[in-house]
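Data first, discussion second: the structure below is written as structure tokens.
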Amino acid sequence: MSCPRQAGASVSAMKGIRVTSVAIKDQVEVAVRAALTQVLPAELADADPVVRRSDHADFQANGALAVAKDVGRSPRSIAQDLIVGLPRYGAEVSGPGFVNLTVADDVVWRAVACRATDDRLGVSSPRSGERVVVDYSAPNVAKQMHVGHLRSSVIGDALVRVFDHLGSDVTRQNHIGDWGTQFGMLIRYLDEHPEVDWQGQGVETMSALDSLYKVARTEFEADAAFADRSRARVIALQAGDDRTVATWRDLVAESEKAFEAVYARLGILLDDGDFDGESRYNRSLPGVVDELLAAGIASESDGAVVAFTDDVNGPDGAPTPLIIRKKDGGYGYAATDLATIRLRVDEYRADRILYVVDTRQALHFRMVFNVARRAGWLPVKVHAEHVQFGTVLGTDGRPFKTRAGKTVRLADLLDDAETAVRGILQEREHGFTQSEVDSVVRAAGVAAVKYADLNNTRTKDYVFDVDQMVATTGNTGVYLQYAHARVCSILRRATGDSAVAGSDAEIRVDETLPLHPAERALGLILDGFEQALRDVTDTLEPHRLCGYLYDLATAFTRFYDACPVVKAEGATRSNRLALCALTERTLAVGLDLLGIPAPERM
RNA sequence: GCGCCUGUAGCUCAGUGGAUAGAGCGUCUGCCUCCGGAGCAGAAGGUCGGGGGUUCGAAUCCCUUCAGGCGCACCA
């Protein structure tokens, strides 16, 4: 058996990057491109063959239609000539000049065999050599993670995983809010109320801190003297006063512990090595201001240091400034955002910086990137992108809040999803022990919440509807987990193994066997895995991968409905087992790249 | 006022120049001697917000208009 990747078949992909590919679609594209050069005059020979999946055949090539005008011939006659050069693809002209292409059965089987026996399922590393910094999650010290942190954490993590899988060198950065005037207030309050016991209470620590914050805030607003004492504490903190800094460190450490617990539960990769708090940039902020002033990019206005950007105006028609230093001398977050860009470009050597942040900050990032470009901190070859996402809404269509109008904690969201999953599980027959039930509930709860978030166009708002997201039918994370568990069940039955993952069940594919239509459909979808991952990095839309996995799961259910596996015999059986094994791994890897676990039983 | 995002089946949403616009939920009809029915096969349901334009071809690109959401000086 010869696999295209081992054989080194090379096709040119987008933007002139050379890649090797197992993908049937790439092979077809190479063939059509070659046929086109035979048909077209030399100056048009590199025309795009426009190869797409088709409802009328395995693929269709629309290139003849696209170039007809330039060649001065009818698209049909070009297509007629084109099919002469494509004898292996059962090429037929259809309609105004479409060329329908059918792949030979052995080509599909070979692709299945190559992927099933490859550690990476035939997925190449087209992004190797690229350095990507992803800024996401960004909770605030002394406050609990809430629904507002969900999308950034979940989307950012999925992007990190997919970029990494395609070969990018990814740096995760969790830009936590660990600095600012609110800490003076909080520290002062703790000073004055030594009786308050908040540390070392596990999950309760954060809720204790959260309410402390609110009490302190109330006092800050009501009591001018306390406000003054708090401001003194801010100055002490900035000056590095030992006792103040010690309390601040405690606050940060306890908060980070709590964040990590949430990440562990949600299956987010972020850990203690990824914290990149605002405090880290504190010392470089005066330099940011000085350089911008010296360069004439920033100027003083109403006592603040600001920079203006063309085309950004307020309601009164006056230009809107980016506020870099406030008139009280404090720094706005524009200053830290600018400082992070310098670090990420100069030290991390980023080629691409992704900010996974709420869509409401679009204007802010537009101005920050603009200023950074003008200051020379963000070279043109470095791409900085605001990966914006919409708001999580409640079932009333308003931004998601509790009935009392308070923000919803992330932990409560997961609890709700788990409760709903548990309810569904109770209604079904299953032979699970209590601890198995618990583990299924945890996996499915995470899948429900994360998949619901990832599975729609990123920039749109979406409604957080627990009943819909834990549904076991339709395009949900739970359904995909079930489909995966189902494949595992078939593999267990066939091989007699109790476990599926890591089993070395031999993959044997007889490429001479005829393909059942359901096998063909499944094989071709399996072949598109890498393309789905590329779609994610090209569009920064993880829902492309969700859609792919759902298509894969439905193709698989059709396949096993039509094609007996365990009961089949001989080569038919082993070929079908190879399809099952490849489907199992593709679903598991795909879900993992979304940050969703894939249990073998559920 | 300006800017950004969104408008596709009853509902929730895919579809960033190709043939008859697709899924799921819900509704209706079949299929359990069959590897887990959390399934499969089929039916019904659409002026792709409206109007112009570009193109051999537009849900997709451009212009315009309507509707909704969000943002536009010191909170991050």
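Note on naming: letters A, B, ... go to the chains in the order of the sequence lines (proteins, then strands), and numbering restarts at 1 for each one.
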Does the distance from a Lys or Arg side-chain N to an Asp or Glu carboxylate O, for A:R544 and A:D538, drop under 4.0 Å?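 No, this pair does not count.
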Hey, are A:R422 and A:E418 close enough for a salt bridge, meaning a charged N less than 4.0 Å from a carboxylate O?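 Salt bridge between A:R422 and A:E418, a charged N being under 4.0 Å from a carboxylate O: no.
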Counter-base of [N], judged by Watson-Crick or G-U geometry with both distances under 3.5 Å:
N	value
B:C48	none
B:A23	B:U12
B:G7	B:C66
B:C72	B:G1
B:G18	B:C56
B:A41	B:U29

Suppose the criterion is salt bridge (Lys or Arg N to Asp or Glu O under 4.0 Å): which pairs have a residue in residues 445-456 of chain A, not counting sequence neighbours?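 Counting only pairs at least two positions apart or across chains, the salt bridge (Lys or Arg N to Asp or Glu O under 4.0 Å) contacts touching residues 445-456 of chain A are A:R151-A:D453.
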Between B:C35, B:A38, B:G71, which nucleotide has the shortest distance from any of its atoms to the side chain of A:I490?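 My answer, after comparing the listed nucleotides, is B:C35.
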Among B:A23, B:A76, B:C5, find the nucleotide with the atom closest to the side chain of A:T459.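 Looking only at heavy atoms from C-beta outward on A:T459, the closest nucleotide is B:C5.
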Spacing between [X] atom [atom1] and [N] atom [atom2], to the nearest angstrom:
X	N	atom1	atom2	value
A:L549	B:A23	CG	P	18 Å
A:D358	B:C5	CG	C1'	12 Å
A:L393	B:U6	CG	C1'	12 Å
A:Y479	B:G36	OH	C1'	13 Å
A:L363	B:C70	CG	C1'	11 Å
A:H484	B:C35	NE2	P	21 Å
A:M367	B:G71	CE	P	16 Å
A:N475	B:A38	CG	C1'	14 Å

Please list, one pair per line, the donor and acceptor atoms closer than 3.5 Å that link side chains of residues 388-401 of chain A to other protein atoms, with sequence neighbours excluded.
residue : atom : partner : partner atom : Å
A:Q388  : OE1  : A:T359  : OG1          : 2.6
A:D396  : OD1  : A:R398  : N            : 3.0

Let me check something: any side-chain donor-acceptor pairs from residues 308-319 of chain A under 3.5 Å, sequence neighbours excluded? List them with distances.
residue : atom : partner : partner atom : Å
A:D316  : OD1  : A:A318  : N            : 3.1

Which residues pass the ring-ring contact (aromatic ring centres under 6.0 Å, His included) test with [X], sequence neighbours left out?
X	answer
A:Y462	none
A:F365	A:Y355, A:F369, A:H386
A:Y560	A:F556
A:F275	none

Taking [X] for its side chain and [Y] for its backbone only, find out whether a donor-acceptor pair lies under 3.5 Å.
X	Y	result
A:R233	A:F183	no
A:E519	A:H516	yes
A:S137	A:S153	no
A:R76	A:G95	yes
A:Q80	A:S77	no

If you measure from the [atom1] atom in [N] to the same atom in [M], how many Å do you get, rounded?
N	M	atom1	result
B:A21	B:A59	P	9 Å
B:U33	B:C28	P	24 Å
B:A23	B:G46	C1'	15 Å
B:C63	B:U27	C1'	42 Å
B:C25	B:G45	C1'	14 Å
B:U16	B:A58	C1'	12 Å
B:G3	B:C62	P	15 Å
B:C48	B:G22	P	14 Å

State the syn/anti category of B:C72 according to its glycosidic angle, syn meaning within 90° of 0.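 Anti, angle beyond 90° from zero.
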Near RNA chain B, under 4.0 Å by heavy atom, which residues of residues 323-338 of chain A?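 Under 4.0 Å from RNA chain B: A:I323, A:K326, A:K327, A:Y333.
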Stretch residues 558-568 of chain A: residues that reach within less than 4.0 Å of RNA chain B through a heavy atom: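 Contacting residues: A:R558, A:Y560, A:D561, A:C563, A:P564, A:V565, A:V566, A:K567.
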Quick one: list whatever passes salt bridge (charged side-chain N to carboxylate O under 4.0 Å, His left out) with A:E385, sequence neighbours left out.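 Salt bridge (charged side-chain N to carboxylate O under 4.0 Å, His left out) list for A:E385, sorted by chain: A:R352.
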How far does NE2 of A:H484 sit from CG of A:L549, to the nearest 0.5 angstrom?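 Rounded to the nearest 0.5 Å, the NE2-CG separation comes out at 11.0 Å.
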Distance-only polar pair, side chains of A:H175 and A:Q173, donor-acceptor under 3.5 Å: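 Short answer, no.
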Just call it for [X]: base, sugar-phosphate, or nothing, with non-hydrogen atoms closer than 4.0 Å on any strand.
X	answer
A:A362	nothing
A:Q361	base
A:G317	nothing

[N], OP1 or OP2 - any side-chain N/O from [X] closer than 4.0 Å?
X	N	answer
A:T473	B:C25	yes
A:S489	B:G36	yes
A:T557	B:C40	yes

Which residue lies more 5' along RNA chain B, comparing A:T181 with A:P399 via nearest heavy atoms: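 With A:T181 and A:P399 compared, the 5'-side residue is A:P399.
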Which residue lies toward the 5' end of RNA chain B, A:N140 or A:T554, if each is placed at its nearest nucleotide?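 Here A:T554 is the residue nearer the 5' end.
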Tell me, for nucleotides 13-19 of chain B in 5' to 3' order, what letter each nucleotide earns: B for a base near a protein heavy atom under 4.0 Å, S for only sugar-phosphate near one, - for neither? SSSB-BB
Distances for protein N/O vs nucleotides 28-32 of chain B N/O pairs under 3.5 angstrom?
none

